[in-house]
There are 2 protein chains.
Amino acid sequence: MTDSTASRAMTRRAGIADVAALAGVSPGTVSKALNGRGSLREETRARVRAAADELGFSPSTVARSLLSGRTFTVGIITTDSYGRFSIPVMRGVEDSLGVGEMDAFLCDSRDDPIRERHHLRKLLDRQVDGIIVAGRRTDARRPLSDDLPVPVVYAFARSTDPQDCSVVSDERGAARLAIEHLVKTGRRRIAHITGPQSHASARERAAGAAEALAEFGLELAGDPLFGGWTEVWGRFAAAQLLRSVPDIDGVFCGNDVVARGVADGLRESGLNLPEQVGLVGTDNWAVLAEAARPPLTTVDLGLEEIGRRAGDLLLAAIDGNPAPGTHVVHGHLVVRES
Amino acid sequence: MTDSTASRAMTRRAGIADVAALAGVSPGTVSKALNGRGSLREETRARVRAAADELGFSPSTVARSLLSGRTFTVGIITTDSYGRFSIPVMRGVEDSLGVGEMDAFLCDSRDDPIRERHHLRKLLDRQVDGIIVAGRRTDARRPLSDDLPVPVVYAFARSTDPQDCSVVSDERGAARLAIEHLVKTGRRRIAHITGPQSHASARERAAGAAEALAEFGLELAGDPLFGGWTEVWGRFAAAQLLRSVPDIDGVFCGNDVVARGVADGLRESGLNLPEQVGLVGTDNWAVLAEAARPPLTTVDLGLEEIGRRAGDLLLAAIDGNPAPGTHVVHGHLVVRES
DNA sequence: GTGAAAGCGCTAACAT
DNA sequence: ATGTTAGCGCTTTCAC
């Protein structure tokens, strides 16, 4: 009650000087008391703390930054507009940074180099302590700039410069997980349907699938079918596949969208899943995978983990312990019913 | 060439003092020259600009903030982890803020009040100029706090306090657009399948649909079917609907996920879409709507526009022109083939 | 037209 | 144990 009238007029943020005045000490003493530095009588500390509490004081991050040269802030540049992939990555980054009491500036470059330079400039003007670049495709991208005053970590889309610090998913390992699952559930005639050959992820997963099959003494049933990352392509490809390789009993798909199309395509051609054909997707896009018929078994690439690792590596680099090079995060299989 | 060796050693950001030294003027003059203030000889301005360019100087935002009390920074608090809804909203916000040269801090409260308070505190310590709260549901939420030193705008999820500035979608209008489309394409027996009754959006859209139908002298075919926001529910509800109201020729769905399930359910019961039954969804979630069979006609709620409006309103409020109250953004119909 | 000086809010070094 | 001072990088008076 007593302060409801007072707080209604809350105009100015309390500064350290206000606390000093209220506690009857000097600003320097307040600083020491609140930061646990110097040597002060416990009674003084308590008095200062009380005064600070009463005024709702907390120190200005801006002033601190000016003094320390650090802002406890990092920039996240996403190349796409926070899509399917950058979002979990960002959540992971935030997770990691939150622990270090850092905040993140969000910048969306929309795949436009001009915009990217603009954001980079703004971030440097703001003296961010570091930068994370989150891509939406696994294809390597050219580095931000070769001479930056702060550390940079590339997440999901690696930098073309192997010296840069990048965190990527284990594409071939993901394919291996899928193939292993199919083989272990008794499939022998396994086909691969995926996205555009121009995408590194499509090429890598196809190569990984072939490798893994070879280790089981098997080979892919027919050539990998490259197309688009769409359900329409998946349905179309499923029909085509049944024409060219009618005796398949397993399909590994380059992503869940395609897998879902394939599931519908196969089912509507009269095949029972998973009895007659086993199906594994990639991405673990939950809404999609759960609604598929049957619910889709798929490889989770560990995007959040990529984000967390990227955040951790950035924090380490900021603290003077850079870990250059490419760091690989392994995914895991999410078994549903397909 | 000459500077490639120099830049390799780029250690310290150039400060205004460096520029001043190089241009042979005082710091004050540099400031004036670069900001177009004061009265200086054009020759001096040019010399300063040249020096600044050469050193790659740009002023420290931190120092400026300390002086001006403004940070040209806003906080975005999303209650969910940047999901389907907050993402387009955020993109809109960024669009709007970018114009004003503001940057955004991203905070994810994960629907946890504790975490929210924590983020709020951090944002205030950083002296953000304003805050946007982006929700993932249209249900009204309690305000952040009643006595904040900076303006707040609620996006998508309005504040329970009508005095607060909120930007929301026109839920009833969205339903009206859907119904109008169905009626205009000749449907007369129109049913409604939607999400949980506990969600304001489900209730509002159902009410809007009834209203709009009434204006055409029609009424809903059967009661609205409330369930979950899932495809499984959509499929189930479609079958149920055909049992209770076999002669329907149109269905409006509370969102695209449900609509997609309904499309599959109806098609698999032997109905042709859109010939026998017209279908309209809500949300315009492109991946989903485009892959539906047939591609789904749906209402776009204008989420990006909500974000932009929220950004604009926040900027205005920061400039001293607050516009309290609830601002409504109207959606539009995206006609595909259903 | 330009320079010198003060100050934004804080902390670290040095006095007392 | 506490107070005083200087200074982080910039802008803004106010002298000159």
Side-chain angles (χ1 to χ4, degrees), chain A residues 11-52 55-73 101 122 124-129 149, chain B residues 11-52 55-73 101 122 124-129 149:
Chain A
T11 347
R12 211 170 52 86
R13 275 175 56 88
I16 208 168
D18 304 305
V19 179
L22 181 58
V25 294
S26 73
T29 303
V30 173
S31 173
K32 285 168 207 154
L34 263 26
N35 297 307
R37 236 136 326 164
S39 54
L40 301 181
R41 276 195 328 225
E42 190 47 46
E43 190 269 327
T44 313
R45 271 187 215 288
R47 195 149 36 89
V48 169
R49 265 197 294 269
L55 295 164
F57 167 81
S58 70
S60 153
T61 319
V62 176
R64 277 194 163 156
S65 299
L66 184 57
L67 201 55
S68 66
R70 286 199 48 183
T71 52
F72 291 92
T73 281
E101 286 298 303
K122 285 209 304 186
L124 294 178
D125 287 351
R126 288 192 181 277
Q127 282 156 266
V128 293
D129 296 334
Chain B
T11 348
R12 212 171 53 85
R13 277 174 56 88
I16 207 169
D18 305 305
V19 179
L22 180 59
V25 294
S26 74
T29 304
V30 173
S31 173
K32 286 168 204 153
L34 262 27
N35 297 307
R37 243 149 305 179
S39 53
L40 301 182
R41 276 197 325 229
E42 190 46 48
E43 190 269 328
T44 313
R45 269 186 216 288
R47 196 150 35 88
V48 170
R49 266 197 294 268
L55 294 166
F57 168 81
S58 69
S60 152
T61 319
V62 176
R64 276 194 164 156
S65 298
L66 183 57
L67 204 53
S68 66
R70 287 199 47 185
T71 51
F72 292 92
T73 281
E101 287 298 303
K122 285 210 304 185
L124 294 177
D125 287 349
R126 287 192 182 276
Q127 281 156 267
V128 294
D129 297 333

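All heavy atoms count here, side chains included; hydrogens, waters and symmetry mates do not. Protein chains get the first letters and strands the later ones, always in sequence-line order, with residue 1 at the start of each.
Checked against side-chain contact (heavy atoms from CB on, under 4.5 Å), B/Thr71 has the following partners two or more places apart in sequence or in another chain: A/Val62, B/Ser65, B/Thr73, B/Gln127, B/Asp129. With sequence neighbours excluded, the residues forming a side-chain hydrogen bond (donor to acceptor under 3.5 Å, both in side chains) with A/Arg41 are A/Glu43, listed by chain and number. Shown here are the side-chain hydrogen bond (donor to acceptor under 3.5 Å, both in side chains) partners of A/Glu42, two or more places apart in sequence or in another chain: A/Arg49. With sequence neighbours excluded, the residues forming a side-chain hydrogen bond (donor to acceptor under 3.5 Å, both in side chains) with A/Ser26 are A/Thr29, listed by chain and number. With sequence neighbours left out, B/Lys32 forms a side-chain contact (heavy atoms from CB on, under 4.5 Å) with B/Leu40. Under the side-chain hydrogen bond (donor to acceptor under 3.5 Å, both in side chains) criterion, A/Ser31 pairs with A/Asn35, not counting sequence neighbours. With sequence neighbours left out, the salt bridge (charged side-chain N to carboxylate O under 4.0 Å, His left out) criterion links A/Arg64 to no other residue. For A/Ala14, the side-chain contact (heavy atoms from CB on, under 4.5 Å) test picks out A/Asp18, A/Leu55, A/Phe57, with sequence neighbours left out.
Checked by atom type and distance alone, the side chain of B/Arg126 never pairs as donor or acceptor with a backbone atom of A/Thr61 at under 3.5 Å.
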Classify every nucleotide of nucleotides 10-16 of chain C by which part a protein heavy atom approaches to under 4.0 Å, writing B for the base, S for the sugar-phosphate alone and - for neither, in 5'-to-3' order.
BSBB---
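No engagement by A/Val62 is indicated, since no non-hydrogen atom pair under 4.0 Å with the nucleic acid exists.
With hydrogens and angles left out, the side-chain atoms of A/Asp125 and B/Ser58 include a donor and acceptor closer than 3.5 Å.
Considering every non-hydrogen atom in both A/Ala52 and A/Leu34, the closest pair reads CB-CD2, 4.2 Å. Closest approach of A/Val30 and A/Ala20 over heavy atoms only: CG2-CA, 3.5 Å.
The side-chain heavy atoms of B/Leu124 and B/Pro149, taken from C-beta on, include a pair separated by under 4.5 Å.
Using a 4.0 Å cut-off on heavy atoms, none of the residues of residues 43-50 of chain B approach DNA chain D.
Protein chain B contacts DNA chain D from D/dG9 to D/dT13, reading 5' to 3' and using non-hydrogen atoms of the protein with a distance under 4.0 Å.
Over its length, the helix from C/dG1-D/dC16 to C/dT16-D/dA1 turns its helix axis by 50°, as judged from the five terminal pairs at each end, rounded to 10°.
Of the two residues near DNA chain C, B/Thr29 and B/Leu66, the one whose nearest nucleotide lies more 5' is B/Thr29.
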